[in-house]
Amino acid sequence: MLVVALTVAALMAPPASRLFAVGVGAGAGLGVGVGVGVGDSTPSPVGASGLRAAGDPVPAIARTWPVGVRPRVLRGWEPPATVYGPGHRGVDLAAPPGTPVRAVADGRVSFAGRVAGKGVVSVELAGTGDPPLRTTYEPVRASVPRGAEVEAGEVIGTVEAGGSHCTAPCVHWGLLRGDAYVDPLSLLPPWLLQRGPSRLLPVLGVPLP
């Protein structure tokens, strides 16, 4: 009878993939109170839905990197296996304090303030479904208020000197859909992701300076 009971219970239990489903290419910030992404490796509690599947695919709508032209990625996206598991919910981009931080795509500032002592800016991206995608940037001193409409490439703040979890100066860039973590690099189209520094090429018939 014990064997039969255990077998029935096992058949009725939901599969593990439904208990902890991570979206394809997913991972970015940690939803904390106001839904702001935090790049800490050890997340605060967000409930069992914190690793819900991201749902709609991420459109490659970014028109710029958050900082610089092609910043060095100090640490990439490392999706956690569970809600409380270790990982890296976003990417760290090399950026010294004072570096301008730009919105990667059109959207609306959904948060601009401080979380756990860090300056954080969050931008809800226009036309990205329901719930919409939300980018987060930290540590950043905001130059835009909550509710402001921003365009791709518009400066939304500057990198702060303190509050970074990187070993070198950086900005943590995160992406969420609802409370699901998504890889922010998936926003970048191939031409932007692979683009290197510009260089001048000789033109046929034009003498070199």
For [X] against [Y], the heavy-atom pair lying closest together:
X      : Y      : answer
Ala112 : Pro145 : CB-C, 4.5 Å
Ile156 : Val123 : CD1-CG2, 4.3 Å
Cys170 : Pro139 : O-CD, 3.8 Å

### Query
Given Glu138, which of Val171, Val121, Val120 fulfils the side-chain contact (heavy atoms from CB on, under 4.5 Å) condition?
Val120
### Query
With respect to Arg134, which candidate in Asp179, Leu175, Leu176 satisfies the side-chain contact (heavy atoms from CB on, under 4.5 Å) definition?
Leu176
Roughly how far, to the nearest 0.5 Å, is [atom2] of [Y] from [atom1] of [X]?
X      : Y      : atom1 : atom2 : result
His172 : Thr136 : NE2   : OG1   : 5.5 Å
Thr158 : Arg141 : OG1   : CZ    : 6.5 Å
Glu154 : Ser143 : CD    : OG    : 8.0 Å
Leu187 : Arg63  : CG    : CZ    : 10.5 Å
Cys166 : Asp92  : SG    : CG    : 3.5 Å

#### Entry: Shared hydrophobic cluster for Trp173 and Leu74 (ILVMFWY, side-chain gaps under 4.5 Å)
no
### Query
Out of curiosity, does Leu192 fall in the hydrophobic cluster containing Val155 (side-chain heavy atoms, cut-off under 4.5 Å, transitive links)?
no
### Audit row: Thr135, Leu133, side-chain contact (heavy atoms from CB on, under 4.5 Å) steps and yes/no
CA-CA 7 Å; Thr135 55; Leu133 291 168; over 6 Å; no
### Query
How far apart are the C-alpha atoms of Val159 and Tyr137, what are their side-chain angles, what is the distance that settles it, and do they pass the side-chain contact (heavy atoms from CB on, under 4.5 Å) test?
CA-CA 9 Å; Val159 178; Tyr137 312 85; over 6 Å; no
Okay, side chain of [X], backbone of [Y]: is any donor-acceptor separation there less than 3.5 Å?
X      : Y      : value
Arg146 : Ser110 : yes
Arg177 : Val58  : no
Trp65  : Leu188 : no

Residues 96-106, side-chain donor-acceptor partners within the protein, below 3.5 Å, at least two apart:
unit_1 : atom_1 : unit_2 : atom_2 : d
Thr99  : OG1    : Pro96  : O      : 2.6
Arg102 : NE     : Gly153 : O      : 3.4
Asp106 : OD1    : Ala152 : N      : 2.8

#### Entry: Within 6.0 angstrom of Glu149 CD, more than 12 heavy atoms from elsewhere
yes
### Task
Just do the side-chain contact (heavy atoms from CB on, under 4.5 Å) check on Asp183 and Val91 with the steps written out, would you?
CA-CA 8 Å; Asp183 182 1; Val91 296; 4.2 Å; yes
